[in-house]
Protein chains: 2
Amino acid sequence: MVTKQFTGSPDEADLRRADSLARELFSDIANKWALLIIEVLGGRTLRFSELRDQIDGISHKMLTQNLRMMERNGLVEREVHPTVPPKVEYTLTEPGRALKKTVDGMCDWTHQYLGHIEASRNHFDG
Amino acid sequence: MVTKQFTGSPDEADLRRADSLARELFSDIANKWALLIIEVLGGRTLRFSELRDQIDGISHKMLTQNLRMMERNGLVEREVHPTVPPKVEYTLTEPGRALKKTVDGMCDWTHQYLGHIEASRNHFDG
DNA sequence: CCGAATCCACAACGATACTG
DNA sequence: CAGTATCGTTGTGGATTCGG
């Protein structure tokens with residue numbers, strides 16, 4: 001994505017394409033709501049409204065938007081039950097569950113270093 | 001993380017405080033630029049301008065903002081050399097390096113599942 | 001070279017209302 | 001209940017400038 005030079009070689013073109021895809025994907029998932037959805041969903045299957053109830057502060061709109069994005073990227077599977085009233089369930093796919101493991105690491109880190117961070121903040125703010 | 005109930009117990013108050021801190025922290029670091037900075041910085045020490053050159057597309061403003069935030073949270077250490085011209089170097093702290101390990105996991109994931117994701121996108125878009 | 005402040009375009013977001 | 005669309009507001013982030 002940084003290379004401005006163009007060699008015409010197909011191999012390099014492929015690399016650039018893969019690189020830009022990786023970056024795009026990274027931008028997609030490196031956001032607060034997407035990561036929270038992955039965490040809350042975990043290995044379970046949850047309805048839209050259940051997700052919304054369990055993710056504090058998320059709006060209807062943000063939830064749908066992120067779920068669409070995650071479905072598009074193959075992180076969640078969307079299952080529509082043609083009942084009245086409608087019922088839509090979401091489940092992490094295999095790639096989604098794999099990603100969850102790394103997000104778990106981030107959460108663990110957060111709790112592990114909570115003390116460090118709080119101290120650092122107090123020092124910085126004062 | 002979601003509990004709305006209030007019991008008045010000091011222990012629960014502590015938990016709520018820690019919880020809100022964790023959320024705040026999560027919102028801070030769960031963003032594209034912060035994670036990219038952590039990745040690029042790695043174990044090295046880099047100047048402001050070097051960081052800027054190596055992170056494609058980041059603006060001066062975003063870089064400073066995120067570096068401040070990360071310094072405040074104790075993820076990076078900022079070292080000012082009182083020379084002319086000025087020289088400011090940034091290094092990951094120990095908590096920062098610990099976090100990097102989990103971010104590495106995210107990057108690995110990205111590359112590992114690139115094929116899945118591309119296929120899923122093509123299917124979704126078509 | 002680095003940082004802070006200003007301005008402002010534009011995207012993100014919440015609220016609302018309507019459909020199946 | 002879940003999804004889409006629209007609207008109005010907020011706020012993010014880029015460009016620029018000036019100061020240390």
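Every chain is numbered from 1, with letters handed out A, B, ... down the list of sequences.
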Trainee: Should A/R68 be listed as having a side-chain N or O under 4.0 Å from OP1 or OP2 of D/dG3?
Mentor: yes
Trainee: Should B/E50 and B/R44 count as an ion pair when the cut-off is N to O under 4.0 Å?
Mentor: no
Trainee: For a quick test of reading the model, state the closest non-hydrogen atom pair linking A/M70 to A/I37 and the distance between them.
Mentor: CE-CG2, 3.8 Å
Trainee: With a 4.0 Å limit, can you tell me whether A/R47 has a side-chain N or O closer than that to the phosphate oxygens OP1/OP2 of D/dC1?
Mentor: no
Trainee: Report yes or no: does A/N31 contribute a side-chain atom to a donor-acceptor pair with the main-chain N or O of A/W33 at less than 3.5 Å?
Mentor: yes
Trainee: Is it true that a side-chain atom of B/W109 and a backbone atom of A/P95 form a donor plus acceptor pair closer than 3.5 Å?
Mentor: yes
Trainee: Could you tell me how far apart A/D28 (CG) and C/dA12 (P) are, to the nearest whole angstrom?
Mentor: 11 Å
Trainee: Classify every nucleotide of nucleotides 5-20 of chain D by which part a protein heavy atom approaches to under 4.0 Å, writing B for the base, S for the sugar-phosphate alone and - for neither, in 5'-to-3' order.
Mentor: -B------BBB----B
Trainee: Looking only at side-chain atoms of A/S49, point me to the closest of C/dC2, D/dC1, C/dG3.
Mentor: D/dC1
Trainee: Indicate yes or no for a side-chain donor-acceptor contact from B/T102 to the backbone of B/A98 under 3.5 Å, with no hydrogens or angles considered.
Mentor: no
Trainee: Report yes if at least one side-chain N or O of B/Y90 is closer than 4.0 Å to OP1 or OP2 of C/dC1; otherwise report no.
Mentor: no
Trainee: Look at B/R78 and C/dC2 and indicate whether a side-chain polar atom (N or O) is within less than 4.0 Å of OP1 or OP2.
Mentor: no
Trainee: Distance-only, no hydrogens or angles: does the A/T93 side chain make a donor-acceptor pair with backbone N or O of A/G74 under 3.5 Å?
Mentor: yes
